Amino acid sequence: MHNAAFAALGVNSRYFAFEVEPVNLRAAIHGAKAMQFAGLNLTVPHKLPALNMVDVLDESARRWGAVNTVHFEGRTAEGDWRPLREFGVPPSGGKRKPVPVHDAGVPGEIRTVGFNTDADAIVTALREELKIKLPGAKILLLGAGGAGRTAALKLASENVGELYLVNRTRSKAEVVAAEIAKQFPSVRVFTDYPRTAIDLVLNATSLGLKPDDVPPLDEQCFCMSQTNAVYDMIYRPAETKLLAAARRAGRKTANGLSMLLYQGAKAFEIWTGRPAPIPVMRRALQAAVQSPESAVINRGRKIK
Ligand code: ATR
């Protein structure tokens, strides 16, 4: 999706995937800095360790406790930190607008800034795909691992009305519930299935990635007809058992592809300083996810 977006906007950049062992993460970030990369994305299992490996944490990374996007900045002769794209001579021609060039193209020093674009992507995806109005909404959130915790805190920050946190290991849901009670006291938070009609079921567990997984929702405890919509953070398979059951029950559904899209779009904007061409990125993403080649690189993990 990034390469399609670069091509569409005439940005002379390329996006590559590298497999990095956790023990090499710090060296990999330093290497990218030395090579004057514009930025990085990080995924499982690097998002938490990276908090201690970047020079500066953006408010988003500090708030959500994870880094999924890194931006490299250079120091100008005046001592300001500016994106690396503003150093060096811009290529002539192309669609790119001229940018200010600092220090004859050589940054005095480079620093890494860590961002989190995952949390906002959850909210954008729910709004765009399912037209959910979050303030006051009643939501059943399945999962209290890394992805579930971020989703719970982000939804609470959007002033949802009631949040039901259900997790196989109940104690983890209780820890997240306590965190919400402290930080967002106006949100009513429970660690049980709801007994009333709700707006949304959101799956943040990994159940559904494998064909023989049981659905994450226990329909003995909560009937599909009690929710208006279902979102599954998993995007491959495109339709999990949970989403199939929701569709059969006539509920609105969406999978995690939109979360992947919006976290990427935000990262693109951080790196390039330009609005992300969302339709281009969406089309490229759909094609990539459906191609058999991508199954090797990306094993269908949901966003973390
Ligand atoms: P992520 O960062 O993707 O959330 P994680 O932190 O390992 O990954 O969390 C995985 C989530 O899926 C957790 O909510 C986990 O439940 P536990 O906290 O009880 O481990 C849930 N999960 C994974 N396998 C499961 C299973 N077989 N049954 C029920 N829940 C499961």
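Computed over heavy atoms, backbone and side chain alike; hydrogens, waters and symmetry mates excluded. Every number for a ligand or one of its atoms is a count from 1 in the order of the listing. It should be emphasised that the depicted structure is a prediction, and the values quoted were computed from it without experimental measurement. Positions are given from 1, in the same order as the sequence printed here.
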Does atom NZ (K131) have a neighbourhood of more than 12 heavy atoms from anything else shown, all under 6.0 Å? yes
Nearest non-hydrogen contact to atom 24 (N) of ligand 1 from the set K47, K210, R168 belongs to R168
If you compare G208, A147, A144, A173 by their heavy atoms, the one closest to atom 4 (O) of ligand 1 turns out to be A147
Logged contact type for D213 with ligand 1, heavy-atom cut-off 4.0 Å, is neither
Exercise for review: Taking the side chain as every heavy atom from C-beta outward, state whether K266 and S60 have any pair of such atoms under 4.5 Å apart.
Suggested key: no
Per-atom filter on ligand 1: closer than 4.0 angstrom to a heavy atom of T205 are 11 (C), 12 (O), 21 (C)
### Query
Would you say T227 and L140 make side-chain contact, with heavy atoms under 4.5 Å?
no
Atoms of ligand 1 under 4.0 Å from any heavy atom of G143, numbered from 1 in the order shown, are 14 (O)
Q) Is it the case that more than 12 heavy atoms not belonging to R195 sit under 6.0 Å from its CZ atom? A) no
Checking heavy atoms under 4.0 Å, the part of K172 that sits near ligand 1 is side chain
Step by step, would you call D192 with R170 a salt bridge (Lys or Arg N to Asp or Glu O under 4.0 Å)? CA-CA 9 Å; D192 277 313; R170 196 192 174 100; 3.4 Å; yes
